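Indexing begins at 1, ligand by ligand and atom by atom, following the structure's order. Not measured: the values here are computed from a predicted model.
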Amino acid sequence: MEVAAVRTDNGVMNTLSRPRPVAAGTRPPAGRRVLVGVTGGIAAYKAAELVRLLRGAGHDVQVVMTEAATRFVTPLTLQALSGKPVRTGLWDEAAEAAMGHIELARWAEQVVVAPASADFLARLAGGRADDLLATLCLATTAPIVLAPAMNHRMWLNPATQANVALLSGRGLRFVGPADGEQACGEVGPGRLAEPADILAALRDPSGADGGLLSGRHVLLTAGPTREAVDPVRFISNRSSGKMGFALAAALTAAGARVTLVSGPVCLATPPGVERHDVESADEMYRKVHALIADVDIYIGAAAVADYRPTQCADRKIKKTSDCLDITLTRAPDILSSVAALARRPFVVGFAAETNDVERNARDKLERKKLDMIAANDVSEGRAFDRDDNALIVLWADGRRQLSQQRKCELADELVAVIAERYLLSAGAQPALTVLA
Ligand code: PMT
């Protein structure tokens, strides 16, 4: 079965799990070695459908179940669908002799855990290796996609949300949970995402299976800059880099080759992303211009200093007077400089505003000659160093509002809008993309 994604007017990806013809010009799906983890929860029965879809899409599937998962669905069912004996424990001598667990972790080109229970997320966040599946997730270098499913109160519990934030920050991707009626009779977020949507989230980072930005090179900036006052002090801002890193992961998932220039942050590099670390606005400017040559899309998500100390003292400044004047000089505007290049990429800026958000952002869009700008309200502790955000995306003759949500999901939506506008500007059609 082929699963096709359609970009709709509101930029949301709809996945249709019915047979469709492959759109002209798209490449056939590449079969990969996919390790499917199944943990304990009523939604475990849907893993059977996921395995069936993966096999149908040409992937080589190995199922690993936790002990709790075997209480909801039998290994025999998943063995029949995957065509391979299901692995359930670390201490299975015969299975370990055939393929040891580290070998299995190396074998996987993609890991997907569906359903991922609250307990499993907690164990993963804690770096536990107390069963086969957790050990494999710890040992693998393959990208990991988690499809959580649990009671909505468990999902919304701050402990679970903290684990989700931690795992997202480490570059693991989430699909779902969906909102709706649950097996327990309550209503809320916690339902397992539809197997077809999980399949759609497993696009090949190399773009071999035809993501929307397959074959495009995206350069983006993230995080704050630090402007030195003296050898031990600097002027900076509250950016954590979370928004930019989430974008880097979403762009990779859309098939783009992603180069990330980052200010000082405490975040892991998303799998497949080429990362360059810098500190000051000057360094970021130089690095961006050194890398810009073959870039198709530039995104400025970094909170770059507008001003820097005119001089950095050679030695630590001493407390000699009650008052200290520091003279500031304008820092280079990286975004404007990229937009002014003779052979310019498609340029997307961000606008961090505390008031008149849309008016100020549209002014920046025009003044800096951008193709698009993503505006966020940063008043009253919003956006900076948070796990969620909301954006108003503007371009010359249009706008789109992206609602408050986790930055990784917001990034997926923003990438969909960017891809759509970019492809239109490049004369291509953002039509059907065959995902698997
Ligand atoms: O990092 P997080 O904690 O996740 O927070 C996310 C964020 C709030 C930092 C992010 O969503 C965001 O808004 N980034 C841009 C912040 C910013 O610098 O906005 P600005 O309105 O001051 O700048 C406008 C644009 O010009 C931005 O694209 C910025 O990267 C760019 N710029 C600014 C100054 C400068 N010297 N050079 C630039 O390129």
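- Regarding atom 6 (C) of ligand 1, its nearest protein heavy-atom neighbour is Met243 CB, 3.6 Å.
- The residue among Phe245, Phe350, Tyr285 with a heavy atom at the shortest distance from atom 25 (C) of ligand 1 is Phe350.
- Separation of atoms OG1 (Thr329) and CD (Glu227) is listed at 10.5 Å; rounding is to 0.5 Å.
- Contacts between Pro332 and ligand 1, counted as non-hydrogen atom pairs separated by less than 4.0 Å, involve the backbone only.
- Between Lys364 and ligand 1, at least one pair of N/O atoms sits closer than 3.5 Å.
- Near Ala351, meaning under 4.0 Å from any of its heavy atoms, are these atoms of ligand 1: 21 (O).
- Considering each of Asn389, Leu391, Asn376, the one bringing a non-hydrogen atom nearest atom 13 (O) of ligand 1 is Asn376.
- The number of heavy atoms from other shown groups lying within 6.0 Å of CG (Asp356) is above 12.
- Residue Arg330 places every heavy atom at 4.0 Å or more from ligand 1.
- Those atoms of ligand 1 that come under 4.0 Å of a heavy atom in Asp306, given as number and element, are 34 (C).
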Side-chain atoms of residues 149-164: list all donor-acceptor pairs with protein atoms under 3.5 Å, sequence neighbours left out, distances to 0.1 Å.
| from | atom 1 | to | atom 2 | distance (Å) |
| --- | --- | --- | --- | --- |
| Asn151 | OD1 | Arg153 | N | 2.8 |
| Asn151 | OD1 | Met154 | N | 3.3 |
| Asn151 | ND2 | Glu186 | OE1 | 3.4 |
| His152 | NE2 | Glu186 | OE1 | 2.8 |
| Asn157 | OD1 | Ala159 | N | 2.8 |
| Thr160 | OG1 | Met154 | O | 2.7 |
| Gln161 | NE2 | Trp155 | O | 2.7 |
| Asn163 | ND2 | Ala159 | O | 3.2 |

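- With values rounded to the nearest 0.5 angstrom, Cys408 atom SG is found 11.5 Å from Lys242 atom NZ.
- Judged by the 6.0 Å distance and 45° axis criteria, Arg216 is not positioned over the aromatic ring of Tyr422.
- For the residue pair Ile317 and Asp230, the shortest heavy atom distance occurs at N-OD2, 2.9 Å.
- Comparing Ile299, Leu335, Asp385 against atom 31 (C) of ligand 1, the shortest heavy-atom distance belongs to Leu335.
- At the shortest separation from atom 2 (P) of ligand 1 among protein heavy atoms lies Ser240 OG, 3.4 Å.
- For the atom pair Leu341 CG and Ser336 OG, the distance stands at 11.0 Å (nearest 0.5 Å).
- At a 4.0 Å cut-off, not a single heavy atom of Gly244 sits close enough to ligand 1 to count as contact.
- Within the listing of ligand 1, atoms 1 (O), 2 (P), 4 (O) sit less than 4.0 angstrom from a heavy atom of Lys242.
- Here the protein heavy atom with the shortest distance to atom 5 (O) of ligand 1 is Ala383 O, 3.6 Å.
- Of all protein heavy atoms, the one lying nearest to atom 26 (O) of ligand 1 is Lys368 NZ, 3.1 Å.
- In terms of protein heavy-atom proximity, atom 28 (O) of ligand 1 is nearest to Gly300 O, 2.6 Å.
- Surrounding CZ of Arg344 are more than 12 heavy atoms belonging to other residues, nucleotides or ligands, all under 6.0 Å away.
- Counting heavy atoms only, Ala302 comes closest to atom 15 (C) of ligand 1 of the residues Gly349, Ala302, Ser239, Ala352.
- At least one heavy atom of Lys407 sits less than 4.0 Å from an atom of ligand 1.
- Interface of Gly241 with ligand 1, defined as ligand atoms under 4.0 Å from a residue heavy atom, comprises 1 (O), 2 (P), 3 (O).
- For residues 271-316, the pairs satisfying ring-ring contact (aromatic ring centres under 6.0 Å, His included) are Tyr285-His289, with sequence neighbours left out.
- The residues Glu409 and Arg406 are annotated as salt-bridged, a charged nitrogen and a carboxylate oxygen being separated by less than 4.0 angstrom.
- Residue Leu121 holds its CG atom at 9.0 Å from CG of Asp119, rounded to the nearest 0.5 Å.
- Scanning the protein heavy atoms around atom 9 (C) of ligand 1, the nearest turns out to be Phe384 CE2, 3.6 Å.
- Less than 4.0 angstrom separates some heavy atom of Asp333 from each of these atoms of ligand 1: 35 (C), 36 (N), 37 (N), 38 (C), 39 (O).
- By the 4.0 Å heavy-atom criterion, Ala305 is counted among the residues contacting ligand 1.
- Looking at Ile334, Leu414, Asn360, it is Ile334 that brings a heavy atom closest to atom 37 (N) of ligand 1.
- A heavy-atom distance below 4.5 Å is not found between the side chains of Asp60 and Arg32.
- Considering backbone and side-chain N/O atoms, Ala303 never comes within less than 3.5 Å of an N/O atom of ligand 1.
- The protein heavy atom nearest to atom 14 (N) of ligand 1 is Ala301 O, 2.9 Å.
- The minimum heavy-atom distance between Gly244 and Ala301, with the atom names listed, is CA-CB, 4.0 Å.
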(request) Show your working on side-chain contact (heavy atoms from CB on, under 4.5 Å) between Leu213 and Ile297 and close with a plain yes or no. (result) CA-CA 10 Å; Leu213 291 175; Ile297 301 174; 4.0 Å; yes

